[in-house]
Amino acid sequence: MSEVIIQVGAFARAAQLMGRPRRVAVITDDNVAAHYLGPMMRALKGAGHEAVSLSLAPGENSKSLDSYGRILGFLADSGLTRTDTVLALGGGMVGDVAGFAAATYQRGVDLVQVPTSLLACVDSSVGGKTAIDLPQGKNLAGAFWPARLTLIDPLLLRTLPYDHYRDGLAEVVKYAAIRDRALFDLLPYEEVEEEGIIRCCVDIKRAIVARDAHDHGERQLLNFGHTVGHALERLSGYELSHGQGVAVGMAVMARASERLGLCAPGEAGLLIGMMHTLSLPTDCPYGPREIFDAMQADKKRGGQHITLVMMHALGDCRLHPMPMQEALAVVEAGCAP
Ligand SMILES: NC(=O)c1ccc[n+]([C@@H]2O[C@H](COP(=O)([O-])OP(=O)(O)OC[C@H]3O[C@@H](n4cnc5c(N)ncnc54)[C@H](O)[C@@H]3O)[C@@H](O)[C@H]2O)c1
């Protein structure tokens, strides 16, 4: 399995931790570049690596076929060979598109992830999923391509705007809800506790991915709140961020789980209360029928069936495969005031 290093200050040692000198193509975005590209390039060159860089425009629009093509062209122009490395320096957008380029350039080259957003630290930089969006939908092309090394330095999060930080908090809540009641009890956390919280989330993800790398079963637990969340993102024309969509999605699924008698009264309220404390939204801005219709277009649906993640207790979520029509009743239960 790929190596994950989580340590305050690890960024300063990134070039050394990369191993033997090689050609390194750093892919980043302009916001991240403004803070970290200079230091990263100097460190790589200082450690004997031959480093080149490409910066994309920030934002989900850059997780596109166009950027993917640009990166592949850049890797070829830079003379990258199969023994060289692509280094993704950025949030989930950069990690996903650079990762997909690494997975496919010359049939696959080494990938190092240096995540700079909370979401990327706790989620997208581990587990090996890479992707780009197509005009027809999110993440429609991609590959499983685990990073050789993921280097997580919480100090890099100090420049992340709070709205984006909050998106990552929704994923932290997700890990607590699906697997770890003790993690839930640590929320909301202080800055000094951040490294431990990230480690906890990464450990949960790695354990699940180790048992189900290709998303055939247990890994789908990581979709808690995401099926409804993606539908909400789509309905809002992507005005709603991923974290906001997931937060409302978790609230819907928790309410539904309680109302359908799957978990004890009060559990959903605890989850929703914590999301309020973290300034995450929980009210559903669309009706159940609209959400259901948007869910039908979700790529995770297999035929006339869907697998929803329901909460049996805080820290214990389970997969519920069901006919599509039954999912409508679940969403209705979760959206009712
Ligand atoms: N591969 C996976 O397993 C997986 C899992 C979850 C989400 N994702 C994907 O991740 C993406 C979202 O990731 P994200 O929330 O990190 O978004 P993002 O990469 O777009 O980053 C959010 C914003 O923060 C800025 N930023 C990032 N780090 C910064 C820093 N340290 N300082 C200043 N600005 C910084 C970026 O420039 C951007 O404007 C989506 O495309 C989603 O599909 C992938």
Side-chain angles (χ1 to χ4, degrees), residues 92 118-119 122-124 127 129 138-139 164-181 183-184 187 201 204-205 208 215 218-236 238-260 262-263 267-288 290-292 294-301 306-322 327-336:
L118 181 60
L119 181 138
V122 298
D123 197 349
S124 60
K129 280 190 184 177
K138 272 195 69 162
N139 295 328
H164 294 303
Y165 192 90
R166 208 168 33 210
D167 283 340
L169 284 176
E171 302 293 346
V172 174
V173 171
K174 174 193 80 178
Y175 287 111
I178 62 172
R179 263 295 183 271
D180 196 340
R181 174 66 203 238
L183 171 60
F184 185 81
L187 304 179
C201 296
I204 293 170
K205 179 153 187 185
I208 290 175
D215 223 355
E218 189 183 352
R219 187 168 181 165
Q220 293 172 41
L221 282 176
L222 299 169
N223 293 336
F224 180 52
H226 283 57
T227 306
V228 169
H230 287 155
L232 296 170
E233 280 182 78
R234 186 175 299 132
L235 284 168
S236 75
Y238 297 93
E239 283 292 301
L240 215 59
S241 71
H242 180 73
Q244 290 171 321
V246 168
V248 177
M250 289 192 290
V252 168
M253 296 314 291
R255 274 190 222 104
S257 300
E258 196 172 304
R259 285 174 181 158
L260 297 171
L262 293 173
C263 69
E267 292 287 277
L270 282 175
L271 184 73
I272 289 167
M274 178 53 66
M275 292 200 282
H276 287 165
T277 303
L278 299 172
S279 304
L280 287 163
T282 58
D283 288 340
C284 203
Y286 300 97
E290 281 175 291
I291 296 172
F292 176 75
M295 278 165 58
Q296 303 238 35
D298 195 286
K299 70 179 165 56
K300 291 178 185 75
R301 187 171 62 92
I306 190 166
T307 298
L308 292 182
V309 185
M310 309 290 290
M311 196 171 85
H312 287 240
L314 262 176
D316 177 14
C317 284
R318 300 185 199 171
L319 299 179
H320 285 249
M322 62 184 75
L328 176 58
V330 172
V331 177
E332 280 170 344
C335 286

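Everything numeric in this text was worked out from a predicted model, so none of it was measured.
- For Y238, the side-chain hydrogen bond (donor to acceptor under 3.5 Å, both in side chains) criterion is met by no residue, not counting sequence neighbours.
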*Please test R318 against M310 for side chain to side chain contact (heavy atoms under 4.5 Å, CB included), starting from the C-alpha separation and ending with a verdict.*
CA-CA 6 Å; R318 300 185 199 171; M310 309 290 290; 6.0 Å; no
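- Contact record, G243 with L280: O-CD2, 4.5 Å, taken as the closest heavy-atom pair.
- Shown here for L221 and C317, the closest heavy-atom pair between the two residues is CD2-O, 3.3 Å.
- Closest heavy-atom contact between A256 and V330: CB-O, 3.3 Å.
- In this structure, D180 CG and L314 CG are separated by 11.0 Å, a value rounded to the nearest 0.5 Å.
- R166 pairs by the salt bridge (Lys or Arg N to Asp or Glu O under 4.0 Å) definition with D163, not counting sequence neighbours.
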*What do the steps show when you test T307 against N223 for side chain to side chain contact (heavy atoms under 4.5 Å, CB included), and what is the final call?*
CA-CA 10 Å; T307 298; N223 293 336; over 6 Å; no
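- Side-chain contact between V172 and L278 is absent, with no heavy atoms from C-beta onward closer than 4.5 Å.
- Applying the side-chain hydrogen bond (donor to acceptor under 3.5 Å, both in side chains) criterion to R179, with sequence neighbours excluded, gives E218.
- L328 CG to F292 CZ: the interatomic distance, rounded to the nearest 0.5 Å, is 5.0 Å.
- Identified under the side-chain hydrogen bond (donor to acceptor under 3.5 Å, both in side chains) test for residues 241-255, with sequence neighbours left out: D167-S241, E171-H242, E233-H242, S241-Q244.
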*Can you list the steps and then say if L271 with M275 is a side chain to side chain contact (heavy atoms under 4.5 Å, CB included)?*
CA-CA 6 Å; L271 184 73; M275 292 200 282; 4.3 Å; yes
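- Put simply, CG on D215 and CD on Q220 are 5.5 Å apart, with the number rounded to the nearest 0.5 Å.
- Looking at every heavy atom in both residues, R219 comes nearest to G127 through NH1-O, 3.0 Å.
- H320 meets the side-chain hydrogen bond (donor to acceptor under 3.5 Å, both in side chains) test with H312; sequence neighbours excluded.
- For residues 270-281, the side-chain hydrogen bond (donor to acceptor under 3.5 Å, both in side chains) pairs, not counting sequence neighbours, are H276-T282.
- A pairwise comparison of heavy atoms in A247 and P281 identifies CB-O, 3.3 Å as the closest pair.
- Here the side chains of Y175 and L222 are in contact, with some heavy-atom distance below 4.5 Å.
- Between C284 and V248, the shortest heavy-atom contact is CA-CG1, 3.8 Å.
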